[in-house]
Amino acid sequence: LKGDPRIIASMLPPALPPVNQRRRWLHRVAVSAASALAAPAVLAQPARGLTLRFSHVVADETPKGLAVLRFQSLVAQRSGGRIQVLTYPDGQLYGDHDEMAALQLGAVEMLAPSLSKFGRIGFPEFELFDLPFLFGNLADVRRITQGPLGQRLLQGLGRHGLSGLGYLDNGFKQMSANRPLLAPSDFAGLRMRVQASRVIAAQMRALGAQPVSLPFSETRRALASGVVHGTENPVSNFWTQRMHEVQSDLSLTEHGYLGYAVVVNRRFWLSLQPADRELLGQALREALRYGDQIADAQNTLALAALRRAGSTRIHTLSALQRTRLREAVEPVHEALERRIGLGWMQAMREALKPATTG
Ligand code: SIN
């Protein structure tokens, strides 16, 4: 890890590139023209060549950004440059609200939305990952993502023309605001930015806060302007979005998990030559495992960088404080089990049983 220049680069405050309006506009024009002509889902390809656009909303210097770059380089190496992966981090191409529609239209080939963003597009079962204090550690998460339940969840994406190719960890979320958030009473009256997940919204309400669902790319601005008072995210996202400049306090609550699923347009995926599909699938599996391996380290490095920056007070919760938060949000599990689906809840409990019963 120490030798990887990108990981070292992550310790520096990254420049936040402004959204490339011109590229986005040109791209949209190309998409409309392509849809009007009912063109195939991929860009016009040079002979035997293939170009895939991989769009996501976070910085390159995050577990997801680094895994996507690893995928890009593995594909380039193994295809001898014949298959090219173009990466669009930081919501440069599409944001939370339009990326799925773009994928379904064939305007982009690969995405890695957070698991919390699948409920809104018709897969509420994915919101089980958002249940607060569900997982004790990443090994618990992998009992689901790397087991039969995780595979069933991915297969279900076929209902809306998607293929799910695998999972990737970021890590555990922390709460931030312009005050410490150590007890349920600290949340009273706060507007907290959340992803578009009913489970996360219910969690914030259970704490006495008002959830405000906003795209990731708008979060920092909304915090800076006071539209929202606080938010939750793993430290790597907090740091690389420079949220420390607009939030005075980060409370290490570790109350929930953030992870991703890589998805492609099913029709596009099945239209590929089997050998190319195999090459891409294998490269992606390796890149995702790499991302999982560095996720913890990236969050630890981001926390160290944040401490050095000195602009945000960092609070560690006592066991009792965590227990109090946990008790406050416990009713969310039962209240949201119908939305997630009783069958999925049952399967999730079964999958976690060995971990929880020891
Ligand atoms: C992401 O990590 O992809 C974004 C998470 C968020 O929207 O909070």
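Each ligand, and each atom within it, is numbered from 1 in the order the structure gives. Keep in mind that the numbers below use all heavy atoms, side chains included, and drop hydrogens, waters and symmetry copies.
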K.L.:
Taking atom types as modelled and ignoring hydrogens, do the side chains of Gln282 and Glu286 form a donor-acceptor contact shorter than 3.5 angstrom?
P.N.:
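Yes, a side-chain donor-acceptor pair sits under 3.5 Å.
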K.L.:
Does this structure show an ion pair linking Glu350 with Lys353, if we count only N-O contacts that are shorter than 4.0 Å?
P.N.:
yes
K.L.:
Can you pull out every ring pair (Phe, Tyr, Trp, His ring centres under 6.0 Å) where at least one residue sits in residues 111-132? Sequence neighbours excluded, please.
P.N.:
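Checked against ring pair (Phe, Tyr, Trp, His ring centres under 6.0 Å) - neighbours excluded - the pairs reaching residues 111-132 are Phe118-Phe126, Phe123-His160.
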K.L.:
Among Val85, Val264, Val108, Leu86, which residue meets the side-chain contact (heavy atoms from CB on, under 4.5 Å) test with Phe54?
P.N.:
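Considering Val85, Val264, Val108, Leu86, a side-chain contact (heavy atoms from CB on, under 4.5 Å) with Phe54 is found only for Val85.
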K.L.:
Please tabulate, for side-chain N and O atoms in residues 168-175, each donor-acceptor pair with protein atoms closer than 3.5 Å (sequence neighbours left out).
P.N.:
from   : atom 1 : to     : atom 2 : distance (Å)
Asp169 : OD1    : Tyr257 : OH     : 2.5
Asp169 : OD2    : Arg142 : NE     : 3.0
Asp169 : OD2    : Arg142 : NH2    : 2.5
Asn170 : OD1    : Ser236 : OG     : 3.4
Asn170 : OD1    : Asn299 : ND2    : 3.2
Asn170 : ND2    : Tyr260 : OH     : 3.1
Lys173 : NZ     : Glu232 : OE2    : 2.8
Gln174 : OE1    : Thr253 : N      : 3.1
Gln174 : OE1    : Glu254 : N      : 3.0
Gln174 : NE2    : Glu254 : OE2    : 2.8

K.L.:
With sequence neighbours left out, write down each residue that passes side-chain hydrogen bond (donor to acceptor under 3.5 Å, both in side chains) with Ser176, or none if nothing qualifies.
P.N.:
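Result, side-chain hydrogen bond (donor to acceptor under 3.5 Å, both in side chains) vs Ser176: Gln247.
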K.L.:
Return the protein residues near ligand 1 (heavy atom under 4.0 Å from any of its atoms), ordered by chain and residue number.
P.N.:
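Around ligand 1, where the cutoff is 4.0 Å for heavy atoms, the contacting residues are Val57, Val58, Lys64, Lys117, Arg193, Gln195, Phe216, Asn233, Asn237, Leu258, Tyr260.
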